[in-house]
Amino acid sequence: MKVKQTKREGLPELKNATKGSVVLRFAPNPNGPLSFGHARGLVINSSYREMYDGVLILRFDDTDTKVKPPMMSAYAQIEQEATWLMGRGPDRVVIASERMEHYHQHAKEMLSQGFGYVCTCSAEAFREHRVNKTECPCRPNNVAENMERWASMLNGTYQQGDAVVRVKTDMKLKNPALRDWPALRIQDTKAHPHPRPNVGSRHTVWPLLDFQSAVEDHLQGVTHIIRGKDLMDSTRKQTLLYEHFGWTYPETMYWGRVKVHEWGGFSTSAMRKNIEAGEFTGWDDPRLPTLAGLARRGITAAALRGFWTELGITQKDISVPLSTLYSHNTKAVDDQAPRLSFVRHPQRLDLNAHDAATVLQFPIHPNHPDQGQRRWELNTTGIWLEPEDAIKGDVRLKEYADVRIENSKAALVSLDRSDRRPIVHWLPEQHAVEAVLMSTSGGEITAIEGLIEPHNHPVGTIVQLERIGYAKVMEDGSFFLCHERTTESV
RNA sequence: GCUCGUAUAGUGUAGUGGCCCAUCAUGAAGGACUCUCAUUCCUUCGACCCGGGUUCAAAUCCCGGUACGAGCACCA
């Protein structure tokens with residue numbers, strides 16, 4: 001008997017993993033709030049935490065005060081956003097800048113055991129050595145000398161740029177990236193203090209990512225690292241360090257680069273600049289691919305989880321259309337979204353409703369009568385229609401009646417459906433309040449004036465505007481279209 | 001330039017030598033249901049980068065090519 005092939009559900013098994021003893025980590029730089037891409041690390045790592053009943057560490061890699069300076073408000077925001085996305089908080093939070101003594105101690109150990117050295121060559125000079133596979137003059141220095149130079153790094157004799165601590169690997173390694181890589185450097189924290197008040201200018205010798213991350217992973221007992229494949233060489237560098245220390249490196253998996261068609265590339269630093277320049281209203285500007293921005297326009301955590309889980313952890317570099325995310329969001333949102341009638345650019349028509357019912361009643365959600373009923377009272381003869389529908393001639397006013405439109409007048413034909421004429425959404429003249437539908441399109445925020453049926457859905461509710469799409473109720477009562485349309489009929 | 005990695009339908013993804021004329025989702029087209037251009041359901045369309053090799057047997061292993069991406073920062 002042939003067994004039909006099936007697609008694996010969810011994420012693949014972790015190598016060398018036993019339930020209950022898996023330790024994972026997600027390590028962002030708090031130089032801004034989380035963005036769409038960060039969600040991948042959160043979703044994947046947290047799924048594995050659930051699968052293996054493991055521990056997930058949120059680690060702030062905030063060891064650069066100049067190139068990518070941390071943002072004080074980002075720490076709390078990132079933890080909150082991560083919790084929102086994962087549906088559960090991290091098991092442990094680690095802040096690198098507050099664990100400097102561990103990094104210093106390990107640097108010292110590295111020097112005293114002779115597998116590290118203090119190098120005073122300029123970056124350019126060392127680059128020459130790296131490409132030519134030659135040893136720099138500092139490399140043969142003995143332990144005593146290295147300890148002395150280490151002291152000079154710590155006490156300020158050496159200034160920023162004067163010296164780094166390198167891990168002794170092998171200058172003849174095939175991969176140039178691995179040759180005696182830098183582990184710690186000096187930062188002028190007087191000029192660029194760390195934003196955390198208890199850190200500030202206290203330290204001048206700071207670890208670089210590869211060293212800090214490697215030491216911290218070991219200290220925290222991390223068993224599995226899942227990260228971008230841009231960090232593949234980091235794994236190799238860190239493995240060399242682990243060998244020196246006699247540690248075992250965690251299992252590692254990588255994912256490739258993801259681009260979203262509509263967004264192209266973006267970076268936290270670039271967004272920060274544009275926000276400061278006033279091009280965006282803030283980190284939660286709905287045009288921004290930040291978690292805050294996406295959440296603001298009604299993209300749910302469940303949609304993000306579904307999206308990233310479906311992409312999995314392949315090393316392929318991919319480009320995905322936003323519609324993929326939207327389809328996940330539709331699935332997450334539709335079943336609960338109350339229906340509302342919103343008429344864009346309303347046009348008033350007279351309706352000769354001589355025989356009409358005066359009260360209409362129909363469900364808030366067609367698939368869920370238990371959500372209650374909508375109740376429209378018809379006490380005048382005016383109705384509102386979208387201009388596009390008002391020229392269609394024979395239409396059916398949804399949940400009410402078939403009408404014929406001629407010369408800006410609508411004539412009631414039948415209360416029951418008499419044929420297959422198109423059904424349009426509409427509003428009774430008195431049962432409509434002014435409203436605005438906001439949306440993003442092509443990097444702009446646009447507003448469409450219109451009328452909405454009265455409702456009391458609280459701020460934040462994701463509703464479905466019939467025949468238009470899902471929208472979120474905003475603080476000011478306006479609606480924000482969740483899924484920007486490619487073919488917008490504004 | 002050196003090093004590393006990846007290549008399955010339009011877009012993603014499953015598949016680790018025979019159950020593969022290749023999975024699932026999304027998309028497109030058609031249809032059913034429905035007083036929404038929503039949801040749900042059904043049908044159809046559509047792919048193993050190229051060339052060699054190993055093998056009785058290759059999407060799956062090996063070699064070469066090509067394409068794309070990443071690293072070679074005193075950034076993360």
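Chain naming here is simple, since letters A, B, ... match the order of the sequence lines and numbering starts at 1 in each.
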Phosphate OP1/OP2 of B:rC68: any A:Arg257 side-chain N/O under 4.0 Å:
no

Counting the atoms with a prime plus P, OP1 and OP2 as sugar-phosphate, which does A:Arg396 contact under 4.0 Å by heavy atoms, base, sugar-phosphate, or nothing?
base

Just checking, is any N or O donor in the side chain of A:Asp210 or A:Ser234 under 3.5 Å from an acceptor N or O on the other one?
yes

Per atom distances to the A:Asn367 side chain, the nearest of B:rU36, B:rC75, B:rU39 is B:rU39

Base, sugar-phosphate or nothing for A:Ser122? Non-hydrogen atoms, less than 4.0 Å.
base

Does any donor-acceptor pair link the side chain of A:Gln464 with the base of B:rU36 at a separation under 3.5 Å?
yes

For the side chain of A:Ala123, starting at C-beta, report the closest nucleotide among B:rA70, B:rU39, B:rC74.
B:rC74

Can you check the distance between B:rU3 and B:rG64, where both ends of the measurement are the P atom (answer in whole Å)?
13 Å

Salt bridge between A:Arg339 and A:Asp334, side-chain N to carboxylate O under 4.0 Å?
yes

Let me know, please, whether A:His425 or A:Asp61 comes out on the 5' side of the other along RNA chain B by nearest nucleotide.
A:His425

More than 12 non-hydrogen atoms from neighbouring residues, nucleotides or ligands closer than 6.0 Å to NZ on A:Lys108, yes or no?
no

Determine the Euclidean distance between corresponding C1' atoms of B:rU8 and B:rU13; express it in Å to zero decimal places.
9 Å

Tightest non-hydrogen contact, residues A:Gln187 and A:Thr65, listed as OE1-N, 3.0 Å

Got a sec, which residues hit side chain to side chain donor-acceptor pair (under 3.5 Å) with A:Thr314, two or more places apart in sequence or on another chain?
none

Parallel, tilted or perpendicular, as decided by the 30° and 60° cut-offs, for the rings of A:Trp376 and A:Phe362:
perpendicular

The correct list of stems in which RNA chain B takes part (3 or more consecutive Watson-Crick or G-U pairs, distances under 3.5 Å) is B:1-7 with B:66-72, B:10-12 with B:24-26, B:27-32 with B:40-45, B:49-53 with B:61-65

Could you work out the separation of B:rA70 and B:rG51 based on their P atoms and round it to a whole Å?
28 Å

Write down the atom of A:Arg40, the atom of A:Ile313, and the distance for their closest heavy-atom approach.
NH2-CA, 4.2 Å

In terms of ring plane angle, is the pair A:Trp308 and A:Phe36 parallel, tilted or perpendicular, where the classes change at 30° and 60°?
tilted

Please tell me if A:Lys331 has a side-chain N or O lying less than 4.0 Å from either OP1 or OP2 of B:rU26.
yes

Taking atom CZ of A:Arg375 as the centre, report whether more than 12 heavy atoms of other residues, nucleotides or ligands fall under 6.0 Å from it.
no

For A:Leu184 and A:Tyr103, work out which heavy atoms get closest and say how close.
CD2-O, 4.5 Å

Using a cut-off of 4.0 Å on non-hydrogen atoms, how would the nucleic acid contact of A:Phe126 be classed: base, sugar-phosphate, or nothing?
nothing

Using the P atom as the reference point in each nucleotide, state the distance between B:rC19 and B:rA28 in Å, no decimals.
33 Å

Under the side chain to side chain donor-acceptor pair (under 3.5 Å) test, residues paired with A:Tyr326 that sit two or more places apart
A:Arg297

P spacing across the pair B:rC62 / B:rU6, given as an integer number of angstrom:
11 Å

Over all strands shown, is A:Thr63 touching base, sugar-phosphate only, or nothing at heavy-atom distances under 4.0 angstrom?
sugar-phosphate

What nucleic acid atoms does A:Gly256 come within less than 4.0 Å of, heavy atoms only: base, sugar-phosphate, or nothing?
nothing

So A:Phe479 and A:His455, would you call those rings parallel, tilted or perpendicular, with 30° and 60° as cut-offs?
tilted

For every nucleotide of nucleotides 5-13 of chain B, 5' to 3': is a protein heavy atom under 4.0 Å from its base (B), only from its sugar-phosphate (S), or from neither (-)?
SSSB--SBB

Would you mind classifying the nucleic acid contact of A:Leu231 as base, sugar-phosphate or nothing, using non-hydrogen atoms under 4.0 angstrom?
base

Measure across A:Arg196 and A:Ser97 and return the closest heavy-atom pair with its distance rounded to 0.1 Å.
CD-OG, 3.5 Å

Out of B:rC35, B:rA70, B:rA38, which has the shortest distance to the side chain of A:Asp230?
B:rA70

Euclidean distance for P, B:rA59 against B:rA7 (whole angstrom)
16 Å

Which letter, B, S or -, goes with each nucleotide of nucleotides 28-33 of chain B from 5' to 3', with contact meaning a protein heavy atom under 4.0 Å?
------

Base of B:rC75, side chain of A:Lys68 - is there a donor-acceptor contact under 3.5 Å?
yes

Name the orientation class of the two ring planes belonging to A:His129 and A:Phe126 (parallel below 30°, tilted from 30 to 60°, perpendicular beyond 60°).
tilted

Expressed in whole Å, how much space separates the C1' atoms belonging to B:rU23 and B:rG15?
8 Å

Where along residues 169-178 of chain A does a heavy atom come under 4.0 Å from RNA chain B, residue by residue in number order?
A:Lys174, A:Asn175, A:Pro176, A:Ala177

In this structure, are over 12 heavy atoms from other groups packed under 6.0 Å from A:Gln373 atom CD?
yes

Would you find more than 12 non-hydrogen atoms of other residues, nucleotides or ligands less than 6.0 Å from A:Lys392 atom NZ?
yes

Can you check the distance between B:rC24 and B:rA47, where both ends of the measurement are the C1' atom (answer in whole Å)?
14 Å

